[in-house]
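Since the structure comes first, as structure tokens, the remarks are kept for the end.
In what follows, chains carry the letters A, B, and so on, assigned in the order in which the sequence lines appear, proteins first and then strands, with residues in each chain numbered from 1. No hydrogens, no waters, no symmetry mates; every other heavy atom, side chains included, goes into these values. None of the values given here were measured: they were computed from a predicted structure.
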There are 2 protein chains.
Amino acid sequence: MVLLRVVPVSARPAAQCVSVSGGIGLPRTHGSVTLSRSVRSAMLTSLLAIGGSVRHLTSAARGAPCLVRHLSSGPGSPEPEDGRGRRAARLAALAAGAALAGSALWLAQQRRGRLTAVSAASSGQYGQRRADLPTFSMEEVSRHADVKERVWMTYHEGVYDVTDFVRQHPGGAAIMMGAGGSADPFWDLYAVHKEEHVLKLLERYRIGNVREDEVGSHRDGTDDPWAAEPRRHPALKPSSKTPFNAEPPPALLADNFLTPNDLFYVRNHLPVPVVDPSEYELEVDGVGVGGLTLSLEQLKRDFPAVTVTATVMCAGNRRSEMTQVKPVRGLFWGAAAVGNATWTGARLTDVLKAAGYDVNSGPGKHVCFEGLDTDPSSTPYGASIPLETAVDPRRDVILAYEMNGQPLSRDHGAPVRVIVPGVVGARNVKWLGRITVSDTESDSHWQHSDYKGFNPSVDWDTVDFSKSPAIQELPVNSAICWPAPGHTVKVKDGHVHVKGYAWSGGGQRIVRVDVTADGGATWHDMALTVEEAAPAGRCWSWCLWQGRVPVPPGATAAQLWVKATDASYNTQPETFKNIWNLRGVLSNAYHRVDVHLKRV
Amino acid sequence: MVLLRVVPVSARPAAQCVSVSGGIGLPRTHGSVTLSRSVRSAMLTSLLAIGGSVRHLTSAARGAPCLVRHLSSGPGSPEPEDGRGRRAARLAALAAGAALAGSALWLAQQRRGRLTAVSAASSGQYGQRRADLPTFSMEEVSRHADVKERVWMTYHEGVYDVTDFVRQHPGGAAIMMGAGGSADPFWDLYAVHKEEHVLKLLERYRIGNVREDEVGSHRDGTDDPWAAEPRRHPALKPSSKTPFNAEPPPALLADNFLTPNDLFYVRNHLPVPVVDPSEYELEVDGVGVGGLTLSLEQLKRDFPAVTVTATVMCAGNRRSEMTQVKPVRGLFWGAAAVGNATWTGARLTDVLKAAGYDVNSGPGKHVCFEGLDTDPSSTPYGASIPLETAVDPRRDVILAYEMNGQPLSRDHGAPVRVIVPGVVGARNVKWLGRITVSDTESDSHWQHSDYKGFNPSVDWDTVDFSKSPAIQELPVNSAICWPAPGHTVKVKDGHVHVKGYAWSGGGQRIVRVDVTADGGATWHDMALTVEEAAPAGRCWSWCLWQGRVPVPPGATAAQLWVKATDASYNTQPETFKNIWNLRGVLSNAYHRVDVHLKRV
């Protein structure tokens, strides 16, 4: 099977540019080509030609030219052009819009308020052969891969014409990855599709059956991408199993200044790659870089090991609260998509210097990180940080191979991940395969068309991802970890005991945590556990807090609120209403927990 | 007249420690002594012995030991001990609590909602000779300078026993500066006392008259501290005339990315010093510093001149909005206690290096700045910033001698002031006389017992200033500069035109400004004017914004709200209720402006 990968020109020797075959619905191209991001974007637009609903992809029109190159799944030369080759090219072109993991959740939540898993029994009825419909060959299906020719795809034994659904797809243009072929691999990859009403919705577009001898042919040459997932601690509560995304019980967080590795939240975007540490290679390239490839052993041996204590938080942490105002797209995270650990590794600046880069006055504006985790089109996870952050020794950016004194586990990026203290989890790229100094941001979907904030009036019809900057440092945030919502808590001497965490991005120390049990009539300072040794502006760790809060006399229930204030005296917004955003990121309004009170 | 100055031990050669005379009510000391801050604080406490109301002074108990030294007002040796000498010692000891400028405003607002100037005619009745009361000599008055002996003071021709008012004084222990002598100089210095009801309150404590031949004797040897104030632009609207504090019309701000020098807000804490540029000297000393004295000419000639565009904002900007929730102590600032300018000067790091300080690994934790402006006890204005901020080349701290290409004006700190980009105005010390690297923060009142944030439940009876960090970087903020509150604005095609500024401390770029005219039902992105060239995290300038906002159909009035979001995606709190603090600082809730609408 032919796979394609989109990479920045600046990062690749020209020799790596090999033949590419144009996709169905794209201008046909043969031989070696260079596709700029704007061309790729224009292709998308012309492919879809469906107006406003793909406007959020136009951000891909900015930035560096890209190469589309073949990557063969096995040894040997690129395969000849055929239906699969064309499809692969299309996959690559669409990769930027690929991975709105969790997007169907939006639909689910909108309709039913929460996720309901589809049982094997109930899902069986969808995609099964129907005697009342005609049969099509996969070749015939492959001729319907754009809006002009209608968009067909298959699921199990069924053939579907989803043309009229394309513009409504919550995941945007990602749906086109299945056009003219089987949607099964994507259904498997993005587990949020496994909803009964999503399947029911699909079935509305049913037009026929797949020729019997071709059912399952999409599996040829591929393995189940989830077959090699690691085992997880049973206490982790998944918001998605494939990709695996899970958080620990919140109370556990407040009891451990350093979050135990096995209970540290996991946010994967793609299947966990299988990486043999003895064969691991880290490539360093880009503008102003001589070029360097490091083994894990070299990374450990040739660079001073530094240890940084840093909190990592998902941009979507506490999304489940924001979605109560109005549904948002994304995983249903509680307040525990955050953890604090010591990370040990080599300084990014040291590695850049070793690669010949002048960290004081070298060129470029961004440092891009590429993971070894890839989607079905072999596009890796990617992200970037501003050069200023990367080369500033005060920012303590490291390439970590240890977490709390243990080698990184597979779920946390083994053997090497980036730790960018104070910066959103999405830029702390796991399974790090490549570092590229660049004039432009990472061209990954996650940098350009996800993990950005918008005002509450921007919706999926009006959003223009190019208009907002990629989230880097996160705003000040806090949560009550104990008591849990709905719990009955003991009132002693008129007080209840409350505990939780607080953190602010960019190294801003938390200077105060206030809790109220009377709607803000009185606020009470909590006792803080902080990393005292951290210099001003380099407090990368969260603080844990706890204290006693008076409850109104005679009350049998109370709502506890917490807000934190950081060293810049930034504090949290009161409610989610005016910070609501369509992706449900940056959820940092006051955390409010309803409890029952029991006097003792 | 003998004046005293409290300075950090670390900053002074021992030879500068000269004789000191203990004040009335203090343990009598003779000869050369070193008074630690804790001793000074303990003296205050024992002096006042009045319990909770001086708790906010106990913060002075922290930190470095201090010297109390004589500074003669004229040439010659220290004067012999006498009533004045004792008084001067007490003044020095009390200097830390001295300058709660504006504190009586709190009382004024609490009682009457706003300031009312005292006319010469109406104020005349207070402090005049009364035939029904006995007469006292100043010597007799001077024996009543502590709580044990009762606290007496004079005002004009009257003698007052204010013992029972001491603990209620809104300015805290500063009242003791007048104990046993004349309160007139302080009445003159802190213009907020010039309120009819404040004078009426004073008159309640009247016990007698000053001996006729001693009336006005406090003026011996002193000049009117305000005689040398510079002329100001008539468009500046004062919130206090002595010290001069004034802001321009807000609309003017939004029309000028660089605020004109003459219209830049002025926040003085003390009289503007008269400094001859040709005799100006800047001292550099402290831990790890060899010592250096620079003339203005040397500062300009020996160090590269760098220009930084930076916004300076008062911590009390927009206090007048916060005070509407509940009265606070402080000047009645509108939304224009902020301005943006280019500043040219020498890098602080270059000057520290020239003074022999190792900016990469030198000792100390803070860099203290001392102004040439002094209070009646010769205590200078002072402030400090963390060493990390001072020595980080990315923080662009400069010793500025030009503002928008012109030499600094007197009101803005001529000939040299510190510019600490991204940091509250209070640390951008004007009339800079001394730079001291220290293990502790500046021991000035303004660093320890002012310019700090607290939660809304902390009041003047419970506040402990030692519990909060000194404000450095300010939180994200914004304001509508046009239309003004109460104005009638034209509605064109259903929209009104709105403009203003937004800024965030710490170099965080403003990434979005949202305005609503319908209570947050719809939010509208404004067009931003920003300093594009600023690198990430070093955007020291504000942004100006403007745009068209739809108003509800048929409405004849609307309330406009603005909120800004910075690069950390921190945003403003919705209301003042939950960020209220007793000093009325950090007023960054949504700015809300009521306007009338006129359709055209």
For chain A, the option from B:Ala536, B:Pro573, B:Ala589, B:Gly537 that forms the most heavy-atom pairs under 4.5 Å: B:Ala536
If you round to the nearest 0.5 Å, how far is CG of B:Asn570 from CD of A:Gln572? 9.5 Å
Backbone N/O of A:Thr575 and side chain of B:Glu574: donor-acceptor pair under 3.5 Å: yes
4.5 Å side-chain heavy-atom contact, A:Gln508 and B:Glu473: yes
Do B:Asn578 and A:Tyr590 make a side-chain contact, defined as non-hydrogen atoms from C-beta onward lying under 4.5 Å apart? yes
Of all heavy-atom pairs linking A:Lys577 and B:Ala521, the shortest is NZ-N, 4.2 Å
Donor-acceptor pair, distance only, cut-off 3.5 Å: does the side chain of B:Asp525 make one with the backbone of A:Asn455? no
With chain A, the option among B:Lys563, B:Arg509, B:Gln472 that has the most non-hydrogen atom pairs under 4.5 Å is B:Lys563
Starting from the C-alpha separation in whole Å, work towards a yes-or-no answer on side chain to side chain contact (heavy atoms under 4.5 Å, CB included) for A:Tyr569 and B:Ile471. CA-CA 8 Å; A:Tyr569 281 98; B:Ile471 297 171; 3.5 Å; yes
Can you say whether A:Pro469 sits under 4.5 Å from chain B via the side chain, the backbone, both, or neither, judging by heavy atoms? both
Considering only heavy atoms, which portion of A:Thr516 lies under 4.5 Å from any heavy atom of chain B: side chain, backbone, both, or neither? neither
If you count heavy-atom pairs under 4.5 Å between each of A:Ala567, A:Gly505, A:Pro535 and chain B, which one has the most? A:Pro535
Using non-hydrogen atoms and a 4.5 Å limit, figure out which bit of A:Asn477 sits close to chain B: side chain, backbone, both or neither. neither
Who among A:Val511, A:Val423, A:Thr389, A:Asp392 has the most heavy-atom pairs with chain B under 4.5 Å? A:Asp392
Taking every heavy-atom pair that is under 4.5 Å apart, which of B:Pro386, B:Gly453, B:Gly520 has the most such pairs with chain A? B:Gly453
Indicate yes or no: at least one non-hydrogen side-chain atom of A:Arg512 is less than 4.5 angstrom from one of B:Lys467. no
All heavy atoms of B:Arg394 vs all of A:Val391, minimum pair found to be NH2-O, 3.8 Å
Using modelled atom types only, decide if a donor and an acceptor are shared between the side chain of B:Ser457 and the backbone of A:Trp523 within a distance under 3.5 Å. yes
